[in-house]
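Below are the structure tokens for one structure; questions will follow.
In each ligand, atom 1 is the first atom listed, and ligand 1 is the first ligand listed. Positions are given from 1, in the same order as the sequence printed here.
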Amino acid sequence: RRPGKLRVLFLISDTGGGHRASAQALEAALHELYPGAFDCSILDIWTRHSRWPYNTCVQGYRCLAKRPLAWRLLWTYSVFPPTREATSLLVRAAGIVPRFERALADASPDLVISMHPLTQDLPLSALERLGGGRRPCPFVTVVTDLGSAHPHWFDRRVDTCFVPSEALRRAARRRGLRNSQVRLRGLPIRPTFWQSPTGKVETRHALGLKPDYDTVLVVGGGDGVGQLGAIVDALASAAALRARTPTQIVVVCGRNRALCAELQLRPWPAGVRVVVHGFVSQMSDFMAAADVLVTKAGPGTIAEASARGLPLVLSSFLPGQEAGNVQFVTRGGFGAYRHRPSAIASTVMSWLDSPQQLADMSSNALAASRPLATYEIAHDIGTMLVGRESQLMPRAAASS
Ligand code: UDP
């Protein structure tokens, strides 16, 4: 423990890229609003401190995220109350709670911030054991799903549960949380998304893109999942038929190195520029440079695109977990869901040919976004822990 600092422990699991990205965003906001006050650490507690097979859930997620049918089965199993309860008993019988208790004792936090559905129930029980029945420090949940959420997100024992949307506020209330426990703020996104971007043309220059080409960004979450190869093929073929305006397609493969290597070697139709990247750290610039985004329905990517005013086509979603994200986008009027690559390509091209429609969707995206959510959550937490409001809170957020 650093002397004089309050210790904040973020609990996540690295299933996908979104939970860690949101935790990092919140950590950055806490440091910015309360300089020198906090000592933060981010812990994937299941991978580091549970036991086999539970410590392999990250690999399991990567495998299942590519198989929607298997995912649907697992989701149904895990939300159905009797099987959910049976699994919880099984995990407890495997001695996970005492392991978590030791991990939490070592970390000795002044506050725990949970940012994953699997880091409520057992860590809360472990903290209660640690304090001999009374929790030794406050515990808050920051929900990082957008339109629908697994029941595990909502535990009545938490001090505060931050939710990103009205749909999830209602879900939290249905799961028995009191009104005073639930705060609607938004989904934490990284600092590069908090400010307005520089212009499209400058950003394209800086990224080595053609400044005057229509630009389509294709992303598949942190792990580069979803039929990205087939989607880019269909987009490139459709773009080749558009003689009037040249098109460039930027593909971000995330940590999917095999896909990145394969796409970099693939020949593309004449007249279409295809730029392939692996994991990029400056996603906010790529989004600022694009006219349209094609992505799976990951909550982090959707919240980021919304903050950038970027219309999007959702190409797939994980049954259950991401289904509500599709409604969040379509009801918000800033995107559509298309599954077949040919349908994705024709929707994208029709939007590119209708600048007014793109402009309207872009305004809707901005209207649905909450770019200052990260500051607001950090401010609430800071006020609770430090006992004073931050003078550094941006004015627009402070007044909300
Ligand atoms: N991301 C990134 N660089 C990449 C690919 C993805 O920074 O090359 C980020 C993306 O901007 C988002 C997160 O990874 O913040 C993905 O989160 P999301 O909730 O969309 O999907 P997940 O990967 O968690 O399923």
Could you point out which residue of Q181, Q120, H116 forms a side-chain hydrogen bond (donor to acceptor under 3.5 Å, both in side chains) with T141? Q120

Verify same cluster id: L314, L310 (apolar side-chain graph, 4.5 Å): yes

Checking side-chain polar atoms at under 3.5 Å, does Q248 have a donor or acceptor matched by the opposite partner on T215? yes

Is R183 salt-bridged to E376, going by a charged N under 4.0 Å from an acidic O? no

Run through all N or O atoms in ligand 1 and write down each protein N or O closer than 3.5 Å, as a pair with its distance.
| unit_1 | atom_1 | unit_2 | atom_2 | d |
| --- | --- | --- | --- | --- |
| ligand 1 | 3 (N) | V280 | O | 2.8 |
| ligand 1 | 7 (O) | R190 | NH1 | 3.2 |
| ligand 1 | 7 (O) | R190 | NH2 | 3.2 |
| ligand 1 | 7 (O) | V280 | O | 3.4 |
| ligand 1 | 8 (O) | V280 | N | 2.9 |
| ligand 1 | 11 (O) | R190 | NH2 | 2.9 |
| ligand 1 | 11 (O) | E304 | OE1 | 2.6 |
| ligand 1 | 11 (O) | E304 | OE2 | 3.4 |
| ligand 1 | 15 (O) | R190 | NH2 | 3.4 |
| ligand 1 | 15 (O) | E304 | OE1 | 3.4 |
| ligand 1 | 15 (O) | E304 | OE2 | 2.6 |
| ligand 1 | 17 (O) | G18 | N | 3.4 |
| ligand 1 | 19 (O) | P299 | N | 3.4 |
| ligand 1 | 19 (O) | G300 | N | 2.9 |
| ligand 1 | 20 (O) | T301 | N | 2.9 |
| ligand 1 | 20 (O) | T301 | OG1 | 2.6 |
| ligand 1 | 23 (O) | G17 | N | 2.9 |
| ligand 1 | 23 (O) | G222 | N | 3.0 |
| ligand 1 | 24 (O) | G17 | N | 3.0 |
| ligand 1 | 24 (O) | G18 | N | 2.9 |
| ligand 1 | 25 (O) | Y61 | OH | 3.4 |
| ligand 1 | 25 (O) | K296 | NZ | 2.8 |

Of the options D285, D214, D291, which is the one that meets R204 in a salt bridge (Lys or Arg N to Asp or Glu O under 4.0 Å)? D291

Looking only at the side chains, is there a donor atom on one of Y77 and T87 sitting less than 3.5 Å from an acceptor on the other? yes

